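Contents: one structure, followed by commentary.
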Amino acid sequence: MAAAAPRVSPRFFRRAQAHGFCVPDIPADVRAKCVAGTSTRVLDGRFVADALVAQCGALVAQKKGQGGRVPKLVVVLAGEDPASAVYVGNKEKMFAKAGFESETLKIASCDTTLEGLLSVVGELNARADVDGILVQLPLPAGIPAHVVLAAIDPRKDVDGFLKENMGLLALGDFSGALPCTPFGIMVLLAAHGIPLESKRAVVVGRSNIVGKPMSLLLLGEDSTVTVAHSRTTDLAALTREADIVIAAAGRPLLLGKEHVKAGAVVVDVGMHRKSDGKLCGDVDATFETGVAGKASALTPVPGGVGPMTIAMLLVNTAAAAWSKPLS
Ligand code: NAD
């Protein structure tokens, strides 16, 4: 019997593929899951993220057998922001599950200075056992995040935020670390078999960590991309033309039924805690006033983009570790 042809990865996944990762396959029952009572497919991010964590576990065992290293991330958590503490806790859990190492350096707000943070980053840059450095944002008031981030060695920039990595992406070169949230969205869409070539995509939001890199990644897969932002007029007219809508405005329930055309694929990046304690996104996901029943597919909140972001942090840390020569 002829050997199965190796799967061809999309361009944005080639760096991960070079280290042994593949875009996860999704079983038919997961693919067929719909928002209750509608034909809108649920783009399950938790399933895809778990599959990537499992790949990490298998790859780390294989690399160890070949004398390779166990990837290690150090998170710098300055200040007492409660949401940051939750994010960092989730990252630690996922790293442990993947068999990777992680360490969190906690610095109290009252002990945080720019000089101190630069010195911590300098030490982490020099440590041979550290593959990835993540400075959790936001930093305490008065500390310029861009100065601290710029001090990270680009080879350890597993967030993909530095100009060296963003610059490559802007040039259509996918060999650097890709920003985790848009990278995760691309993997999620690929895993769920959503075609991008020649599709019209509208990205709502132009931040350096989500909207801008998202638009570049979609361009790289030959979508026709429009970026909307806070000064865009008549947002609904724009998003209604899109085959794919990426909602990353950071505004709870900004997009409703009137913002999408029938059959659109909607990715909800937003993450907000409502007064009743429940989470919601930038998209109204209800049937009555929202996109359920009108969109062909939708990412849930939680369980969509969030777990993918952490999974891509694992992949970027692995790529940083396994790009180094064996010691
Ligand atoms: P940001 O505040 O830096 O950027 C928001 C962008 O949205 C800006 O470019 C702004 O111009 C645009 N915008 C604001 N209001 C708008 C409006 N009414 N119409 C059109 N555009 C508008 O936010 P960010 O860091 O890019 O994050 C966006 C959202 O995604 C936030 O809710 C954040 O919590 C969430 N997020 C989630 C994850 C995850 O892993 N799930 C990761 C990163 C960010």
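Remember, it's 1-based here, ligands and their atoms both numbered in the order they're listed. Just so it is clear, the structure is predicted and the values come from calculations on it, not from any experiment.
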Quiz item: Transitively linked via ILVMFWY side-chain contacts under 4.5 Å: Val269 with Leu188?
Solution: yes

Quiz item: Considering only the protein, which heavy-atom contact is closest to atom 27 (O) of ligand 1, and what is its distance?
Solution: Val210 CG2, 4.2 Å

Exercise. Look up atom OH in Tyr87 and atom CG in Leu313, then write down how far apart they are to the nearest 0.5 Å.
Key: 14.0 Å

Practice problem: Can you sort out which atoms of ligand 1 are near Ile209, meaning under 4.0 Å from one of its heavy atoms? | Solution: 25 (O)

Quiz item: Counting distance only, does the side-chain N/O of Thr38 pair as donor-acceptor with the main-chain N or O of Cys34 below 3.5 Å?
Solution: no

Quiz item: Just wondering, more than 12 heavy atoms not from Arg31 lying within 6.0 Å of its CZ?
Solution: yes

Exercise. Of the side chain and backbone of His229, name the one, both, or neither that has a heavy atom under 4.0 Å from an atom of ligand 1.
Key: both

Quiz prompt | Those atoms of ligand 1 less than 4.0 Å from some heavy atom in Val204 | solution = 20 (C), 21 (N)

Quiz item: Should you measure from each heavy atom of Ala248, which atoms of ligand 1 turn up under 4.0 Å away?
Solution: 5 (C), 6 (C), 7 (O), 28 (C)

Practice problem: Run down the list Val203, Val305, Leu254, Thr239 and name the one with the heavy atom closest to atom 17 (C) of ligand 1. | Solution: Leu254

Exercise. Identify, by atom number and element, the atoms of ligand 1 in contact range of Gly306, meaning under 4.0 Å from any of its heavy atoms.
Key: 40 (O), 41 (N)

Exercise. For atom 8 (C) of ligand 1, grab the closest protein heavy atom and report residue, atom and distance to one decimal in Å.
Key: Arg206 N, 4.0 Å

Quiz item: Taking everything shown except Lys274 itself, do over 12 heavy atoms lie less than 6.0 Å from its NZ?
Solution: yes

Exercise. May I ask you to identify the nearest protein heavy atom to atom 22 (C) of ligand 1, giving residue, atom name and distance to one decimal place in Å?
Key: Ser230 N, 3.5 Å

Quiz prompt | Short N-O contact, Asp131 and Arg155, less than 4.0 angstrom | solution = no

Self-check item: Between CG on residue Asp81 and CD on residue Gln136, distance to nearest 0.5 Å
Solution: 8.0 Å

Quiz item: To the nearest 0.1 Å, how far is atom 3 (O) of ligand 1 from its closest protein heavy atom, and which atom is that?
Solution: Ser207 CB, 3.4 Å

Quiz item: Any idea how Phe95 and Phe100 line up, ring-wise: parallel (<30°), tilted (30 to 60°), or perpendicular (>60°)?
Solution: perpendicular

Quiz item: How long is the span from the CD atom in Glu103 to the CZ atom in Arg127, to the nearest 0.5 Å?
Solution: 4.5 Å

Quiz prompt | Heavy atom of the protein closest to atom 35 (C) of ligand 1 (residue, atom name, distance) | solution = Val269 O, 3.3 Å

Quiz item: Can you tell me which residue and heavy atom of the protein come closest to atom 7 (O) of ligand 1, and the distance to 0.1 Å?
Solution: Ala249 CA, 3.2 Å

Practice problem: Find the distance between CZ (Arg251) and OG (Ser230) and round it off to the nearest 0.5 Å. | Solution: 7.5 Å

Quiz item: Hey, what do you get for CD (Glu258) to OG1 (Thr239), rounding to the nearest 0.5 Å?
Solution: 8.5 Å

Quiz item: What atoms of ligand 1 come closer than 4.0 angstrom to any heavy atom of Met271?
Solution: 32 (O), 34 (O)

Self-check item: atom 32 (O) of ligand 1: nearest protein contact (heavy atom, Å)
Solution: Gly250 CA, 3.2 Å

Practice problem: Could you pull out the closest heavy-atom pair between Asn316 and Cys180, with the gap in Å? | Solution: ND2-SG, 3.7 Å

Quiz prompt | Under 4.0 Å to a heavy atom of Thr309 - the qualifying atoms of ligand 1, by number | solution = 39 (C), 40 (O)

Practice problem: Check whether any N or O atom of Asp282, backbone or side chain, sits under 3.5 Å from an N or O atom of ligand 1, and answer yes or no. | Solution: no

Practice problem: Just jot down the ligand 1 atoms closer than 4.0 angstrom to any heavy atom of His272, in number order. | Solution: 32 (O)

Quiz item: Who's the nearest protein heavy-atom neighbour of atom 15 (N) of ligand 1, and how far?
Solution: Arg251 NE, 3.4 Å

Quiz item: Under 4.0 Å from atom 20 (C) of ligand 1, do we find at least one protein heavy atom?
Solution: yes

Exercise. Identify, by atom number and element, the atoms of ligand 1 in contact range of Gly205, meaning under 4.0 Å from any of its heavy atoms.
Key: 6 (C), 7 (O), 9 (O), 12 (C)

